[in-house]
Amino acid sequence: TFGVTAGFFIWLIIYLFVLHQEKGERLIGWLAKFIAWTGKKAEKTATAMNIQGKLNSFVAAINTEVEGLLPYGLKIKWISSELNRESFISDDKVVVMLDFHSNQDENLSKATVLYMNKAVIPEARPHIHFKLGKAIDLMMAKKALFSFVEARSSFGYFVNSVLRPEMERDQELKDFCQVIDATDERGLFTRVLLRELLELGRRRAGITEIGDTVLESNNFTKFLKEIAQKEKGQNVPLTFTGRNIKVAIILVARFEVEQ
């Protein structure tokens, strides 16, 4: 049996690579494409699992600060470059449709932004200015990417290739982003701003927006900006009383010990 099998393979090699070389070349080409396809598919699967693991860990960490702030997990679905990148919600997950790039920083950055577009305070979106919503998405993506210590280059890619170009094109968006940056430095972004907007969305669920809550949420953002940017010894309002948002801020002094 071994002799027959070996003889068959020897004959097949002679037939394909000596007598009919074009058939042998076609076979090798097909095998190369199959191996490349298998390797590419494995690479895509590994990349998707890596991105999903990072984002889902960030979601768990953020939800310890504000319960339900990011209510959805993440699932990556690779598509061809001809199709539009988008995201939608299915089975309590944000499904991100993304074209695959060999640049892993680009994959992670774009997936994070598309995820945030659907995941952050979805109920509040009809009740806030759309540019404030976009700024929140970008700054949450920035916050997430900065937390991925082992993939810190993705943070640099996002800042240089996504965030800065977006802000350079739109001054109003830039202003919102800078306000959020300031509030985040003072611990007011997720624990106060997003928490209150989350509650706003829940309270106003199903109510047609006529512009009053958009104005109120803008004023609340400006209120937090004043607190975040206050100088030492400067007095600013610490109470916000709106129709839907009512907040009182208590500042805790930080003592530094010189040694």
Side-chain angles (χ1 to χ4, degrees), residues 55 57-71 112-113 115-116 119-121 123-125 127-149 152 155-156 158-159 162-164 166-167 170-203 213-259:
L55 258 297
S57 294
F58 177 77
V59 168
I62 283 293
N63 285 339
T64 62
E65 295 182 13
V66 181
E67 186 177 356
L69 184 57
L70 294 174
T112 302
V113 173
Y115 169 80
M116 295 301 175
V120 186
I121 54 170
E123 299 94 339
R125 295 302 172 125
H127 309 293
I128 64 175
H129 195 287
F130 75 96
K131 288 188 180 179
L132 173 58
K134 186 173 182 178
I136 288 171
D137 294 339
L138 290 170
M139 301 313 285
M140 279 293 283
K142 176 187 172 187
K143 192 176 181 72
L145 291 164
F146 186 76
S147 73
F148 305 149
V149 179
R152 186 57 58 81
F155 173 78
F158 169 77
V159 170
V162 180
L163 182 59
R164 283 178 181 165
E166 288 276 7
M167 292 195 299
D170 191 328
Q171 183 60 46
E172 190 174 11
L173 176 65
K174 181 179 180 180
D175 291 341
F176 276 126
C177 287
Q178 290 176 336
V179 169
I180 292 173
D181 241 351
T183 59
D184 197 28
E185 288 180 8
R186 298 294 293 268
L188 300 172
F189 177 35
T190 55
R191 292 180 175 88
V192 181
L193 176 59
L194 292 187
R195 183 198 296 271
E196 291 303 319
L197 294 182
L198 178 65
E199 291 302 318
L200 172 66
R202 289 170 176 171
R203 287 193 295 269
T213 51
V214 172
L215 178 61
E216 184 174 340
S217 60
N218 277 3
N219 290 336
F220 180 59
T221 305
K222 294 175 183 177
F223 161 77
L224 293 178
K225 174 188 176 182
E226 289 186 14
I227 296 174
Q229 296 181 339
K230 74 180 288 294
E231 300 291 338
K232 184 177 181 180
Q234 179 185 1
N235 292 322
V236 298
L238 298 178
T239 302
F240 184 89
T241 305
R243 183 177 179 181
N244 299 283
I245 302 174
K246 295 177 174 62
V247 171
I249 304 292
I250 300 175
L251 300 180
V252 178
R254 294 182 179 178
F255 296 94
E256 296 183 0
V257 179
E258 295 185 2
Q259 297 181 346

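All values reported here derive from a predicted model rather than from experimental measurement.
- In this structure, Val113 and Ala141 approach most closely via the heavy-atom pair CG2-CB, 3.9 Å.
- Interatomic distance, Ile121 CD1 to Arg202 CZ, rounded to the nearest 0.5 Å: 11.0 Å.
- For Lys246, the side-chain contact (heavy atoms from CB on, under 4.5 Å) test picks out Thr241, with sequence neighbours left out.
- Interatomic distance, CD1 of Ile180 versus OG1 of Thr221, reported as 7.5 Å (0.5 Å rounding).
- Met139 and Leu163 get closest at one heavy-atom pair: SD-CD1, 4.3 Å.
- One distance of note links OH of Tyr115 with CG of Asp137; it measures 11.5 Å at 0.5 Å rounding.
- For Arg203, there are no salt bridge (charged side-chain N to carboxylate O under 4.0 Å, His left out) partners, not counting sequence neighbours.
- Taking the ring-ring contact (aromatic ring centres under 6.0 Å, His included) definition, one finds that Phe158 meets it with nothing, sequence neighbours left out.
- The shortest heavy-atom contact between Ala144 and Ser147 is O-OG, 2.5 Å.
- Scored by the side-chain contact (heavy atoms from CB on, under 4.5 Å) test, Ala228 finds Ala182, Thr183, Arg186, Leu188 as partners (sequence neighbours excluded).
- Residues in residues 225-244 take part in these salt bridge (charged side-chain N to carboxylate O under 4.0 Å, His left out) pairs, two or more places apart or across chains: Asp212-Arg243.
- Ser217 and His127 make their closest contact through OG-O, 3.4 Å (heavy atoms, listed as atom of the first residue, atom of the second, distance).
- Taking the six-membered ring for Trp and thresholds of 30 and 60 degrees, Phe176 and His129 have ring planes inclined between 30 and 60 degrees apart.
- Applying the side-chain contact (heavy atoms from CB on, under 4.5 Å) rule to Thr190 yields the partners Ile62, Glu65, Leu69, Met140, Lys143, Leu194; only residues at least two apart in sequence or on another chain are considered.
- Counting non-hydrogen atoms of other residues, nucleotides and ligands closer than 6.0 Å to CD of Gln171 gives a total above 12.
- For Glu216, the side chain to side chain donor-acceptor pair (under 3.5 Å) partners two or more places apart in sequence, or in a different chain, are Asn244.
- Qualifying salt bridge (charged side-chain N to carboxylate O under 4.0 Å, His left out) partners for Asp181, counting only residues two or more places apart in sequence or in other chains: Lys142.
- From Leu224, atom CG reaches atom CG of Asn219 across 11.0 Å, with rounding to the nearest 0.5 Å.
- The salt bridge (charged side-chain N to carboxylate O under 4.0 Å, His left out) test applied to Lys134 returns Glu166, not counting sequence neighbours.
- Residues Phe148 and Leu145 form a side-chain contact, since some pair of their non-hydrogen atoms from C-beta on lies under 4.5 Å apart.
- Residues passing the salt bridge (charged side-chain N to carboxylate O under 4.0 Å, His left out) test with Lys222, sequence neighbours excluded: none.
- The list of ring-ring contact (aromatic ring centres under 6.0 Å, His included) pairs with a residue in residues 230-250, not counting sequence neighbours, reads Phe220-Phe240, Phe223-Phe240.
- Partners of Phe155 according to the ring-ring contact (aromatic ring centres under 6.0 Å, His included) rule, which considers only residues two or more places apart in sequence or in another chain, are Phe146.
- By the 4.5 Å heavy-atom criterion applied to side chains, Ile249 and Thr239 are not counted as neighbours.
- Contact of the Ile136 side chain with the Leu197 side chain is registered, since non-hydrogen atoms from C-beta on lie closer than 4.5 Å.
- Within the 4.5 Å cutoff, no side-chain heavy atoms of Met116 are placed close to those of Leu138.
- The 12-atom threshold is exceeded at CZ of Arg125, counting heavy atoms of other residues, nucleotides or ligands nearer than 6.0 Å.
- Two residues are said to be in side-chain contact when any heavy atoms from C-beta on lie closer than 4.5 Å; Asp170 and Lys131 meet this criterion.
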